[in-house]
Number of protein chains: 2
Amino acid sequence: MATIRDVARAAEVSVATVSAVVNDSAYVSPALRARVLDAVRELGFAPSQVARNLRRGRSDLVAIVVADLANPFYGRVVCAAEAAVAGWGYSLVVCNSDENPDAEKRILARLRMLHCEGLILVPVSNALPAAARETEGRRTPMVLFGRAFDDNRLDAVTIDNFAAAQQATNYLIDLGHSRIGAINGPLHVSTGRARMEGMQAALAAKGLALDSRFVRPGEFREDVAYSAARSLLGQPDRPTALYVANGLMALGVMRAISDLGLRCPEDLSVASTDNIPGVRGLKPVLTRTEHPIVDMVNEAVRLLVDRIKNARDEEGRTVVFPSSLVVGDSCAPWKAG
Amino acid sequence: MATIRDVARAAEVSVATVSAVVNDSAYVSPALRARVLDAVRELGFAPSQVARNLRRGRSDLVAIVVADLANPFYGRVVCAAEAAVAGWGYSLVVCNSDENPDAEKRILARLRMLHCEGLILVPVSNALPAAARETEGRRTPMVLFGRAFDDNRLDAVTIDNFAAAQQATNYLIDLGHSRIGAINGPLHVSTGRARMEGMQAALAAKGLALDSRFVRPGEFREDVAYSAARSLLGQPDRPTALYVANGLMALGVMRAISDLGLRCPEDLSVASTDNIPGVRGLKPVLTRTEHPIVDMVNEAVRLLVDRIKNARDEEGRTVVFPSSLVVGDSCAPWKAG
DNA sequence: TGCCGTCAGCTAATCGTTTCGCCAGCCACA
DNA sequence: TGTGGCTGGCGAAACGATTAGCTGACGGCA
């Protein structure tokens, strides 16, 4: 690979001049400029980002660490993030912590060495790994995405999970259901907990209680939701409606319903939160709350870039996006019997 | 951020000693070693990858450029690639060309500057952009994934698209169908073309012809497939069975079928190729050919790493994975009427 | 005691850029 | 013509690591 020195020699100018031409960072006379550009073309010179980054102290790299890349939801997030950071001239490094705190810790350590300029993090749990916290002084700008925890120095972009669950639950209540069950997400994750609390709040507001027999804790995974739904719905005494904590789980639940020979919505109404590509293909069309993923990611990247450019140490900003209920035909009014 | 010099000063040793301790690259007496490690901990020192890479001439970065990150199929590919390259100590840079040749060209130029050590490419079309081809001398190792074109210097990992389409089509033929239609992928892409050719070959082998009225060209997109299916199936004279070129398109086709009030498989049998997460949730369960994505990605990364480590200039290797037919209940025997 | 081999640890060159500070030449003004 | 400001272009010092090559102390052997 040709270096800037090779170009300088070929064009019979100094390396400083080559640099000036390549970066348009200073006026260079047309004659020299032409010589330099010829040499660049001749040698196929492309400046080494590595050297450039070392010198400039930047890397033009932004990283995103998601909690579960196998979940199509995060596939969409990564897709949107790639487009958003590319628009600002960054490349995107993608990492997957796979809901594993140790893996998350290792990844953050590795990224620190990579000198990424910014980091979008979908945290595995309620706190940063100790290693990341104890980093004093200048730390890399970071935005929490989707899941948040209270660290008032960090920016965060989330949806109103509490309200989303409330919306979906209210919809079921308004249809006349009172025996409402839930396939929950993990309660140690902010989204999982908030969605369960939102559901409980909605029930409580109408004087209904959440029957613990109708609730299954879970993980944000299709297979786990499938088993949970089978065990919950397999018993003779079962709810008439179900709130499912996310889209991936909803796929599992719908599969379980079909495998059990139940009909949706005749035997059971189902509502869920969050939209993933596969949910659109479900029959019946799922009633769910949706999030503006692309807008959310754009906002996260905006916040991140702002922090990278203006490295001020102001308080963390939290942007909460509203969710909207999309009515499908997976819910029916409650009928006695 | 503390540098190796800060650590050396704090531990009262030379930078060479610090480097030796940090990298375990030479014997250092226990006493000094302890002093160094203390200083490292004290200062929170992490060696700068950027400087290290400049010196070593490596970047520990592998890039993947996919043609459509919004397609969950590539979401799975990226997920598997992330895991695979992480196992080799690399970080993964993800780029999305969005089926756009210009974007692909820009991305490849940017990656060249990033000094990625290797590249997994799902090409947009049948050839490398000129810019990438004309790069003489040492080029970055590259493996084509999924889609290939004949450049006998490049490694490639693909499935046997021809056979996959043949398999699915034969299945439909064996059920007694003769009026078989197709929602195709783009024909300028190797996978799209090979699948159509496989289908035609299967029909021809049984003495059947592909009725051009029953064929819709397309793009690998859900919405495009939806429209194509609506227009194809909306006419009174329609096929009794349909081969759909990929999973994302199958989602669109199934949605169209349902919106048209048709029943699958009673009114129409559907078979497709490739597996994406959302397809599992479809009802009826889709009959399709599946690919071992994870194995394929692992193989691609293995080939890539091999080329990175042993930069020999031998011929490109092509690994073709077989696909397997997974029978669901989206196909029924043909009944006159 | 003197010589030599061994080896822990240090000094300094190097990777490929950017960029600060300097120099020389030119023009303008007095 | 002398002086001073302006500016195109250059030389060389960073950036932060790795590593080749050197130094000096120490122990063993004659």
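Residue numbers begin at 1 in each chain, while the letters A, B, ... track the order of the sequences.
Taking atom CZ of residue A/R35 and atom C1' of nucleotide D/dG8, one finds them 13 Å apart after rounding to whole Å. In this structure, the CZ atom of A/R33 is 14 Å from the P atom of D/dC10, given to the nearest Å. Following rounding to the nearest Å, A/H115 (NE2) and D/dC15 (P) show an atom-to-atom distance of 14 Å. To the nearest angstrom, C1' of C/dG16 lies 17 Å from CD of B/Q49. Taking atom CG of residue B/D6 and atom C1' of nucleotide D/dA17, one finds them 13 Å apart after rounding to whole Å. Spacing between atom CZ of A/R58 and atom P of C/dG16 amounts to 21 Å, rounded to whole angstrom units. One interatomic measurement links the two molecules: CG of A/L54 to P of C/dG16, which rounds to 12 Å at whole-angstrom precision.
In terms of phosphate contacts, B/S19 brings a side-chain nitrogen or oxygen within less than 4.0 Å of OP1 or OP2 of D/dT18. Put simply, B/T17 has a side-chain N or O that comes within less than 4.0 Å of OP1 or OP2 on C/dC10. Side-chain N/O atoms of A/S48 include none lying less than 4.0 angstrom from OP1 or OP2 on C/dC15. The phosphate of C/dT17 (OP1 or OP2) has no side-chain N or O of A/N53 nearer than 4.0 angstrom. For A/S14 and D/dC10, the shortest distance from a side-chain N or O to OP1 or OP2 is below 4.0 Å.
Using a 4.5 Å cut-off on side-chain heavy atoms (C-beta onward), A/R302 and A/N298 make no contact. In this structure, A/D155 and A/R307 have side chains that are in contact, with non-hydrogen atoms separated by less than 4.5 Å. Between B/T191 and B/F220, some side-chain heavy-atom pair lies under the 4.5 Å cut-off. Under the 4.5 Å side-chain criterion, counting only non-hydrogen atoms from C-beta, A/R52 is in contact with A/V22. Between A/Y90 and A/I308, some side-chain heavy-atom pair lies under the 4.5 Å cut-off.
Along DNA chain D, the nucleotide nearest B/V18 and the nucleotide nearest A/L32 are compared for position; the residue whose nucleotide lies closer to the 5' end is A/L32. For the pair B/R5 and A/A16, nearest-nucleotide mapping onto DNA chain D gives the more 5' position to A/A16. Sequence order on DNA chain C of the closest nucleotides to B/A51 and B/V28 puts B/V28 first from the 5' end.
If you take OG on B/S97 and CG on B/L121, they are separated by 7.5 Å, rounding to the nearest 0.5 Å.
Overall bending of the helix from C/dT1-D/dA30 to C/dA30-D/dT1, expressed as the angle between end axes built from five pairs apiece, is 60° (10° steps).
Judged by atom type and distance alone, A/R55 does not reach the base of C/dT17 through any side-chain donor-acceptor pair under 3.5 Å.
When distances run from any side-chain atom of A/R52 to the nucleotides C/dT18, C/dG16, D/dG16, the shortest one goes to C/dT18.
A/V13 comes within contact range of the sugar-phosphate backbone alone, with a heavy-atom separation under 4.0 Å but no base atom that close.
Of all non-hydrogen atoms in A/D60 and A/E117, the two that sit nearest each other are N-OE2, 2.5 Å.
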